[in-house]
Visitor: 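Okay, here's the structure, questions in a sec.
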2 protein chains.
Amino acid sequence: VKRYRLKFLPEGKEIEVIDEESILEASKKAKVMITSSCGGEGTCGKCKIIIKRGVIESSGFEKLSKEELDKGYRLACLSKIKSDLEVFIPLESRGVNKELLKEEEKERVLYPESLEHQIEKLIIDPITKKYFLTLPPPDIDNNLNDLDRVIHTLEKDYKIKEIEVDFYVLEKIADCLRKEDFKVTVTILFFKNRARLINIEPGDTTKDNYSIVFDIGTTSIYGQIIDLNKGEVLSKSINYNAQLRCGEDIISRIIYALKKEKAEELQALVIETINSILEELFKESRIKREDVSHMVFSGNTTMMHLFLGVNPRYIREAPYVPAFSFLDPLKTKDFRIDLNYHAYFYLLPSVASYIGGDITSGVLATNIHKEEKLTLYIDVGTNGEIVLGNKEMLFTASCSAGPAFEGGAIKHGMIAIKGAIEEIYIDEESLNPVLVTIGNERPKGICGSGLISAVAELLEKKIINQKGKFFKDIASSRIRKGESGYEYVLCYAEDTSIGKDIVLTEVDIDNLIRAKGAMYAGMSLLLKYMEKSFKDIEKVIIAGNLGENIDIERAITIGFLPELPLDKFIFIGNGSLLGATLFSLSKDKSKEAYHISDSIMNIELSSDNRFMEEYIASLFLPHTDESRFPMVTERLNRR
Amino acid sequence: VKRYRLKFLPEGKEIEVIDEESILEASKKAKVMITSSCGGEGTCGKCKIIIKRGVIESSGFEKLSKEELDKGYRLACLSKIKSDLEVFIPLESRGVNKELLKEEEKERVLYPESLEHQIEKLIIDPITKKYFLTLPPPDIDNNLNDLDRVIHTLEKDYKIKEIEVDFYVLEKIADCLRKEDFKVTVTILFFKNRARLINIEPGDTTKDNYSIVFDIGTTSIYGQIIDLNKGEVLSKSINYNAQLRCGEDIISRIIYALKKEKAEELQALVIETINSILEELFKESRIKREDVSHMVFSGNTTMMHLFLGVNPRYIREAPYVPAFSFLDPLKTKDFRIDLNYHAYFYLLPSVASYIGGDITSGVLATNIHKEEKLTLYIDVGTNGEIVLGNKEMLFTASCSAGPAFEGGAIKHGMIAIKGAIEEIYIDEESLNPVLVTIGNERPKGICGSGLISAVAELLEKKIINQKGKFFKDIASSRIRKGESGYEYVLCYAEDTSIGKDIVLTEVDIDNLIRAKGAMYAGMSLLLKYMEKSFKDIEKVIIAGNLGENIDIERAITIGFLPELPLDKFIFIGNGSLLGATLFSLSKDKSKEAYHISDSIMNIELSSDNRFMEEYIASLFLPHTDESRFPMVTERLNRR
């Protein structure tokens with residue numbers, strides 16, 4: 001059999017393929033995402049790709065338009081590989097498929113410092129570790145108690161000193177020691193310079209040691225299970241934060257939690273979500289609950305307060321004081337998390353009321369704190385956070401972007417799950433849109449990236465002006481006056497899965513402008529603190545739920561991201577989850593996290609008058625100061 | 001008013017008294033125990049004393065026999081002081097009155113190193129301490145989180161580093177700080193070199209900090225509440241260990257606990273007793289539960305296992321391995337102890353399976369580990385433990401004395417509470433006994449000290465021989481053949497409070513001989529280990545429930561204690577409770593306890609063949625080797 005090299009663009013991933021293999025099949029092997037809903041039969045026409053170099057045997061041309069054929073588009077499922085190839089996967093063929101997401105997410109992340117890369121460089125030395133011990137059996141001349149027998153051997157064999165002991169170990173130590181002839185495996189939890197004996201098992205169980213890391217977002221919660229011996233992610237799961245029903249953003253949750261019983265409700269809801277994700281993770285990975293030694297939780301400061309049942313009230317009131325930044329590891333059982341009794345959880349340390357452990361985690365994952373390059377880190381979730389700096393100095397700020405980026409406060413907004421419109425192309429003549437939805441399903445609503453895409457398209461196609469207002473003289477049934485002012489019809493009822501028109505209103509656009517304006521103003525101000533300007537930025541890292549799917553160019557078009565060369569932008573995906581994974585896998589990394597949270601300088605934007613000026617100047621598409629977006633301005637003017 | 005000096009013998013306690021004051025009143029002021037049940041009216045005739053020197057005005061002679069009057073006996077209540085006096089209180093007037101016991105116990109203990117003396121020398125520095133903090137209030141330029149604000153102030157003001165934090169503090173920190181303008185009191189638990197923040201309260205509450213210390217015995221449980229600012233015992237309480245219904249001694253409890261649900265029952269029972277004692281302590285002292293910051297538990301190794309619900313099975317099986325020697329402090333709430341959520345308890349560290357924290361505690365209380373003098377420490381409870389040594393070296397051993405000393409395995413045996421016969425005098429001619437009972441109540445049974453007294457009297461009055469067998473030719477209705485062989489009637493049914501004859505059987509005497517034989521053999525063997533003999537012993541400390549009440553001379557007569565000059569013997573009372581109190585009051589003392597338990601050398605008597613020889617030689621009254629008890633032998637031969 002002949003073998004060729006196949007390279008997928010733009011990621012650049014290369015694999016070896018077999019003669020006549022279809023590109024779609026090859027993409028699955030390479031874990032590169034190409035959308036397809038007919039199972040490779042050539043009937044759905046979704047798996048469009050562009051052949052950049054090399055020879056294929058292809059069919060199924062009827063599913064492609066003449067323009068597409070001219071541009072080199074083919075269907076991946078009906079293209080047989082006949083030589084070394086370079087294949088470009090256009091955006092519209094790269095929709096998120098939630099089933100594949102779990103396996104593929106790591107691959108979809110464009111950031112070169114992905115988990116595998118980081119782990120390769122990492123000395124795996126988990127924060128909770130198992131040790132196999134062969135104890136000298138007791139006799140009448142050495143009838144030291146069981147516990148000290150274990151501790152002395154740990155001290156002798158592994159130089160672990162001053163070990164603290166969980167009472168749980170005592171409950172079973174006597175029988176454990178005598179079950180396999182004084183051979184036991186102990187689990188030690190490390191925290192700062194302390195070591196704690198948290199579990200004991202008969203025999204050698206060191207091969208089974210797992211952790212579960214979580215990112216607790218205001219809107220969605222991500223969990224994944226890690227093999228602590230191999231440093232591998234075994235399974236992933238995502239769900240809405242069940243607290244959503246009590247308010248969409250942080251502030252509304254804090255207000256909700258003012259009453260004790262409501263705070264308890266919020267705590268119960270998030271724990272319910274955590275437990276449902278655990279259920280899925282265990283089902284999928286077939287790992288036993290008792291083999292999980294610890295969890296790591298990352299998330300914003302408010303989420304951590306609500307999760308633990310700590311009063312978040314003063315987060316919201318000036319001078320914005322949280323109750324804690326980080327805590328000693330806590331027992332999962334005390335928080336009704338469905339794990340074995342011995343398992344603890346760690347928290348990523350937070351920085352301030354609006355700069356949570358998720359940001360510390362993101363910095364940890366991207367090594368900004370260790371690099372020379374001036375890096376801008378943007379995490380766009382329900383709230384927006386920015387980090388700017390390098391190994392010399394780190395500044396951070398939170399922007400009340402509002403929930404628009406996660407579909408909140410948007411008439412048909414939704415989070416980036418199946419059925420969400422995530423990309424839009426508007427035909428210049430007809431003004432009709434081409435929609436790309438997650439999972440290639442019928443549209444249900446629009447998510448953050450879709451929103452950015454839509455507003456950029458409306459602007460570029462001159463349907464709205466730079467203030468985000470509709471040109472009212474356009475002759476198109478898509479543009480109409482709805483209940484809440486002017487709106488653009490993204491999808492008519494009959495084509496949706498919700499049975500009504502999906503529209504984008506002027507109010508929605510205004511909300512997005514405020515959100516992106518707050519983010520941009522925040523970046524501007526942090527640069528001022530560092531006495532730098534946008535052109536000094538050497539790297540822009542985009543993290544967060546939104547970040548994974550946005551189109552950089554369109555984000556620049558609307559003035560959400562600064563106008564910088566595209567190759568400076570990289571996506572990290574869920575940086576919070578990645579950092580939490582590294583935290584779990586490495587004692588050194590976990591110590592770095594505490595160092596980051598201690599050394600990062602938080603700027604309270606609301607207390608700086610210049611912020612409001614910057615913000616108001618940013619309430620324009622892309623910006624009132626055209627000189628900051630010369631290329632966008634030129635393009636807009638050209639049309 | 002004229003004033004005189006009054007000296008009470010044999011203790012030697014002196015007080016100042018007023019002219020015409022009654023000796024009984026004076027004894028109350030001096031906290032010297034004289035029994036009385038008529039309230040000082042001269043009608044009960046119990047408060048007999050002997051005037052050794054000085055002048056009194058006396059009446060009530062009709063309550064005294066001619067012999068008594070001849071010997072100088074008077075009634076304390078009807079004797080008015082008219083000069084400086086020396087008054088001897090004979091044993092029969094010194095019964096234990098349980099009502100007074102709580103206040104008086106410290107005074108009754110003859111050991112010069114009593115709590116007051118120890119505390120005077122002690123720098124009070126409790127293991128759990130309160131600190132009042134005035135925090136800098138937060139503003140927008142210093143909006144550090146609440147927890148770090150507290151921790152930084154503690155570090156700055158008190159140099160306490162690397163503080164661990166209980167989650168409980170987090171639950172209330174935000175509101176606590178803001179209640180009294182950022183002035184708070186924090187409670188820090190110290191353990192080894194660690195410090196743990198366990199409570200936070202608004203304002204200054206440092207004046208209220210209390211601890212509760214317990215001695216958990218197999219038969220009885222003692223608790224007392226301590227003011228940690230003043231180093232004072234505020235109230236005391238005693239109760240039976242409710243586990244008694246499941247077996248009288250350690251071994252029967254371990255067997256009972258072999259089934260998990262039975263072990264849980266035992267745990268629940270002891271915790272029930274602890275909680276009932278707490279209830280009494282709080283009622284009496286009027287201290288609030290939330291002001292108790294910690295507890296200290298002392299007790300034998302098995303009791304500690306059962307209390308904590310740790311499997312004690314291997315304590316009983318060779319090579320006698322306990323699960324633990326000591327543990328990090330544990331939360332009272334996790335063991336259903338009725339205290340505030342934040343309170344922890346510490347355990348006195350044990351030495352071995354049959355040398356518990358109570359022995360470590362006793363050594364701690366008596367400073368054997370710091371003194372030159374070769375000291376023998378004897379703790380007689382349900383089990384008997386011996387410590388021998390000084391600051392150079394400490395040996396310890398446990399003797400399976402059996403429960404005879406606490407009234408177990410004795411037909412009418414009982415613990416030393418009201419109604420227990422604790423002293424006996426047998427009239428040489430009539431062979432009728434004079435009984436002294438605790439609380440001067442009608443007899444219910446006989447306790448350990450009564451048993452020693454009875455056997456010594458039976459021996460001295462030639463009713464039994466040196467093997468403990470009754471002389472069968474004695475013409476007295478007191479000596480008769482009962483259900484279980486020969487017996488002596490201590491009290492006929494009509495004079496008891498139980499409605500039947502209280503007797504002492506040959507089997508009882510045999511049990512006592514075995515018990516005292518085991519103790520004596522243990523002492524002999526420990527001396528061999530140290531290459532010393534009885535005459536090298538410079539001090540004998542008698543501790544334990546029995547110890548408080550026994551008559552040294554009679555204990556020597558039966559060969560339970562070695563024949564040494566009486567001034568070498570001192571009583572410490574409940575050494576375990578005293579040590580636990582010092583442990584609670586002083587970080588240094590608590591560290592000494594760990595040092596003691598680490599350095600003390602435990603001898604497993606059962607594994608030394610010489611023990612059985614010594615034991616068999618001791619099964620005689622006083623001993624088969626007459627040369628060890630020359631004075632007793634001479635006295636017995638004289639009669």
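Naming: A, B, ... by sequence-line order, numbering from 1 per chain.
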Visitor: What part of A:Leu330 gets within 4.5 angstrom of chain B, counting heavy atoms only: side chain, backbone, both, or neither?
Guide: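 The side chain, not the backbone.
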Visitor: List the residues meeting side chain to side chain contact (heavy atoms under 4.5 Å, CB included) with B:Ala195, not counting sequence neighbours, and say none if there are none.
Guide: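 Residues passing side chain to side chain contact (heavy atoms under 4.5 Å, CB included) with B:Ala195: B:Ile160, B:Ile188, B:Phe190.
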Visitor: Quick one: what part of B:Ile151 sits under 4.5 Å from any heavy atom of chain A, side chain, backbone, both or neither?
Guide: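 No part of B:Ile151 comes within 4.5 Å of chain A.
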Visitor: Looking at side-chain heavy atoms only, is the closest gap between A:Phe335 and B:Phe167 below 4.5 Å?
Guide: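 Yes, at least one pair of side-chain atoms sits under 4.5 Å.
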Visitor: Is A:Ala323 close to chain B through its backbone or its side chain, or both, or neither, when contacts mean heavy atoms under 4.5 Å?
Guide: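 Looking at A:Ala323, backbone and side chain both touch chain B.
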Visitor: Non-hydrogen atoms of chain B under 4.5 Å away: do they reach the side chain of A:Ile173, the backbone, both or neither?
Guide: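 When you check distances to chain B, only side chain atoms of A:Ile173 fall under 4.5 Å.
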Visitor: Chain B: which of A:Ala174, A:Pro319, A:Pro138 shares the most heavy-atom pairs with it under 4.5 Å?
Guide: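 Looking at each option in turn, the highest pair count goes to A:Pro319.
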Visitor: Can you say whether A:Ile315 sits under 4.5 Å from chain B via the side chain, the backbone, both, or neither, judging by heavy atoms?
Guide: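 For A:Ile315, neither part sits under 4.5 Å from chain B.
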Visitor: Please report all inter-chain donor-acceptor pairs (under 3.5 Å) between chain B and chain A, with distances to 0.1 Å.
Guide:
{"unit_1": "B:Asn143", "atom_1": "ND2", "unit_2": "A:Pro319", "atom_2": "O", "d": "2.9"}
{"unit_1": "B:Asn143", "atom_1": "ND2", "unit_2": "A:Glu604", "atom_2": "OE2", "d": "3.0"}
{"unit_1": "B:Asp146", "atom_1": "N", "unit_2": "A:Pro322", "atom_2": "O", "d": "2.9"}
{"unit_1": "B:Leu147", "atom_1": "N", "unit_2": "A:Ala323", "atom_2": "O", "d": "2.9"}
{"unit_1": "B:Glu164", "atom_1": "OE2", "unit_2": "A:Arg194", "atom_2": "NE", "d": "3.3"}
{"unit_1": "B:Val165", "atom_1": "N", "unit_2": "A:Asp328", "atom_2": "OD2", "d": "3.2"}
{"unit_1": "B:Asp175", "atom_1": "OD1", "unit_2": "A:Tyr314", "atom_2": "OH", "d": "3.0"}
{"unit_1": "B:Asp175", "atom_1": "OD2", "unit_2": "A:Asn311", "atom_2": "ND2", "d": "3.3"}
{"unit_1": "B:Arg194", "atom_1": "NE", "unit_2": "A:Glu164", "atom_2": "OE2", "d": "3.3"}
{"unit_1": "B:Asn311", "atom_1": "ND2", "unit_2": "A:Asp175", "atom_2": "OD2", "d": "3.3"}
{"unit_1": "B:Tyr314", "atom_1": "OH", "unit_2": "A:Asp175", "atom_2": "OD1", "d": "3.0"}
{"unit_1": "B:Pro319", "atom_1": "O", "unit_2": "A:Asn143", "atom_2": "ND2", "d": "2.9"}
{"unit_1": "B:Pro322", "atom_1": "O", "unit_2": "A:Asp146", "atom_2": "N", "d": "2.9"}
{"unit_1": "B:Ala323", "atom_1": "O", "unit_2": "A:Leu147", "atom_2": "N", "d": "2.9"}
{"unit_1": "B:Asp328", "atom_1": "OD2", "unit_2": "A:Val165", "atom_2": "N", "d": "3.2"}
{"unit_1": "B:Glu604", "atom_1": "OE2", "unit_2": "A:Asn143", "atom_2": "ND2", "d": "2.9"}

Visitor: Name the option with the most non-hydrogen atom pairs under 4.5 Å to chain A; the candidates are B:Val165, B:Leu147, B:Val321, B:Val351.
Guide: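 The option with the most such pairs is B:Val321.
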Visitor: Between B:Leu327 and A:Leu170, does a side chain to side chain contact (heavy atoms under 4.5 Å, CB included) hold up when you go through it step by step?
Guide: CA-CA 9 Å; B:Leu327 298 176; A:Leu170 262 291; 3.6 Å; yes
